[in-house]
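Data first, discussion second: the structure below is written as structure tokens.
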Amino acid sequence: MNKLGDPDYSCYVLIGNKSNNPLYSAIIPGKDDGMVPLDGSKLDSCAYKVVDKASHTSILKDERTFNEIENYLKN
């Protein structure tokens, strides 16, 4: 995946900052969402937002995520 490079189109990265998986978090460097390190999720060419107190899986059902996506698509 690291070989793909940054996209050449507009995009938005949303990530949580809460882990429900202490085993994975023990081996993931830095802050993480239980599956992905926050620092590793940033792309230079994309907007970026951390959804506070959301995990990698809970972000998919979080109302804040839906609101962020809706706002991004409208603007």
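The shown structure was predicted, so the numbers you read here are calculated from the model rather than taken from an experiment.
Applying the side chain to side chain contact (heavy atoms under 4.5 Å, CB included) rule to D8 yields no partners; only residues at least two apart in sequence or on another chain are considered. In this structure K53 satisfies the side chain to side chain contact (heavy atoms under 4.5 Å, CB included) test with no other residue, sequence neighbours excluded.
Counting side-chain heavy-atom gaps under 4.5 Å among Ile, Leu, Val, Met, Phe, Trp and Tyr, the cluster of L14 also holds Y12, V51, I59, L60, I69, Y72, L73.
Contacts classified as salt bridge (charged side-chain N to carboxylate O under 4.0 Å, His left out) and involving residues 56-67 (residues at least two apart or in different chains) are given here: D62-R64. Within the structure, no pair that satisfies the ring-ring contact (aromatic ring centres under 6.0 Å, His included) test touches residues 26-61, not counting sequence neighbours. Judged as a salt bridge (charged side-chain N to carboxylate O under 4.0 Å, His left out), not a single pair has a partner in residues 22-33 (not counting sequence neighbours).
Of all the heavy atoms in L38 and G16, the pair that sits closest is CD1-O, 3.4 Å. When all heavy atoms of L43 and P7 are compared, the pair lying nearest together is CD1-CD, 4.0 Å. Of all non-hydrogen atoms in S41 and V13, the two that sit nearest each other are O-CG1, 3.4 Å.
Put simply, OG on S25 and CE on M35 are 10.0 Å apart, with the number rounded to the nearest 0.5 Å.
Between the side chain of S58 and the backbone N or O of A54, no donor-acceptor pair lies under 3.5 Å.
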